[in-house]
Protein chains: 2
Amino acid sequence: MHRFSKKVSMTVVKRLPKYYQYLTDLLLNDIEKISSKELASLMGLTASQIRQDLNSFGGYGQQGYGYNVLELREAIKEILGLDSDYTCIIIGSGNMGHAIANYERFKREGVMLIGAFDVDPLRVGTVVGNVVVKHMDELEGFVKNHDIDICILCVPRGVGQQVAKTVTDLGIKGILNFSPLDLDVPDDVVVENVNITDSLFTLTYLLKEVTDPE
Amino acid sequence: MHRFSKKVSMTVVKRLPKYYQYLTDLLLNDIEKISSKELASLMGLTASQIRQDLNSFGGYGQQGYGYNVLELREAIKEILGLDSDYTCIIIGSGNMGHAIANYERFKREGVMLIGAFDVDPLRVGTVVGNVVVKHMDELEGFVKNHDIDICILCVPRGVGQQVAKTVTDLGIKGILNFSPLDLDVPDDVVVENVNITDSLFTLTYLLKEVTDPE
DNA sequence: TAGATTGTTAATCGATTAACAATC
DNA sequence: TAGATTGTTAATCGATTAACAATC
């Protein structure tokens, strides 16, 4: 059982949240143990893949038995960094900002919304999630006083890069980016893109594939 | 120059919307031609990768010159199926439903929102995008009368699978799924998932990587 | 024509699958 | 113990990179 992982590939990382979700569901259904084979059929992966994936982090299973759901879930929770709490702010309090602010799951996993910002005077002062929207002018002061881990970016495409520069200059290291553009950020900043336009276009492509006679 | 493509891998398909986006931007900046090398540095890919990708669809380039931006963009637009129009409905008119309904880009690319549905009586009758929210009871009749291409699913996790079954039973072949669960659908239905929770957890993982001393 | 850059083949790299010894 | 299932190595498959002849 090796403790320390060689560099884990992005392919594996992207599957971790799925493992976490499925294990959480199993736990809620009082399932105590699961084999790589069972989990594979549940998740649409192969048993080999699962054993390879999990073993890149450590030996969480037991020969002849399988994996203990509770233990494995805890391990993946920790790997995902969900044993810590995070502070976050939302920039852009339009519908997308509101949608995200109301995701109960974020808070439940320790990601706390503590601020929201917008340039639109009509939105400043309104409530999003459980915070009052402040004007962007107050961003700098706020970030300097609060040690923010994550910025959830929900601004229009046209201003996305500029806002990203502002927040990274202020020292924020993580961006969950809903603005439909690729951000240029320093090396020590991580960005996770949620590009809805790209998803729609992937769908229209696939739709052609299943619909057309070809 | 071969016209008909062997099966294109999902890896390539997922890059197509990005090509489309970058080419659209280039066109707006009046750039007429681009080489694989230039496009690669713009998009963060390699020139080889780009030439391989584009060649799986056909020979769009010209030796010694590069690619004509307008022509290549048109080609990819067509490959993505964006030369056709699509009708779509939104199910679930919460904040996420509203956010999507207001994406101007969808309409601009020919994806027309023609209906929205919700179970909440307080939401029925309100306006989302440019349509009035109907009760879910009216879904069946509506879909039977309108030939819907795409369902944008913005309902809570708990009812996602059930609603997915309803719409696929009604013959809808494409689902853009914002509900944070994996849907089980027939083989001739395509689903594109936008799983915001998964994205957040990927971000917390990456955040640990850049922040920790290790 | 000479220079540039594609299309395409071959080489490399990485991810998935298969197989099985280790072991609970 | 015998059966089951992991951890891990080896084989296969697929995607990326490199290289270069074709050609604009």
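Residue numbers begin at 1 in each chain, while the letters A, B, ... track the order of the sequences.
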Quick one: is C/dT6 close enough that its OP1 or OP2 comes under 4.0 Å of any side-chain N or O from B/Ser36? yes

Listed nucleotide nearest any side-chain atom of A/Tyr67, set C/dT6, C/dA15, D/dT6: D/dT6

Once you round it to whole Å, what is the distance between P of C/dA4 and CD of B/Glu38? 13 Å

Looking only at side-chain N and O atoms, does B/Gln49 come under 4.0 Å of OP1 or OP2 in D/dT17? yes

Searching all strands shown, indicate the nucleotide that pairs with C/dA15 (Watson-Crick or G-U wobble; both distances under 3.5 Å). D/dT12

In whole angstrom, what separates B/Gln63's CD from D/dC20's P? 17 Å

Within the pair A/Ser9 and C/dG14, is there a side-chain N or O less than 4.0 Å away from OP1 or OP2? no

Of the nucleotides C/dA15, D/dT9, C/dG7, which has the atom closest to the B/Asn55 side chain? C/dG7

Under 4.0 Å between a side-chain N or O of A/Ser48 and OP1 or OP2 of C/dA19? no

Looking only at side-chain N and O atoms, does A/Arg51 come under 4.0 Å of OP1 or OP2 in D/dG7? no

Taking atom NZ of A/Lys18 as the centre, does the number of heavy atoms from other residues, nucleotides or ligands within less than 6.0 Å exceed 12? yes

With ring centroids as reference points, do A/Phe142 and A/Phe117 lie under 6.0 angstrom apart? yes

As a test of reading the structure: which of C/dT17, D/dT5, D/dC24 is closest to the side chain of A/Lys33, going by heavy atoms? D/dT5

D/dT23 - base-pair partner by Watson-Crick or wobble geometry, distances under 3.5 Å: C/dA4

A/Glu38 side chain vs A/Ser35 backbone, donor-acceptor pair below 3.5 Å: yes

Counting distance alone, no hydrogens or angles: does the base of D/dT6 have a donor or acceptor under 3.5 Å from a partner atom on the side chain of A/Gln52? no

Should B/Arg15 be listed as having a side-chain N or O under 4.0 Å from OP1 or OP2 of D/dT16? yes

Other residues, nucleotides and ligands only: do more than 12 of their heavy atoms fall within 6.0 Å of NZ on A/Lys77? yes

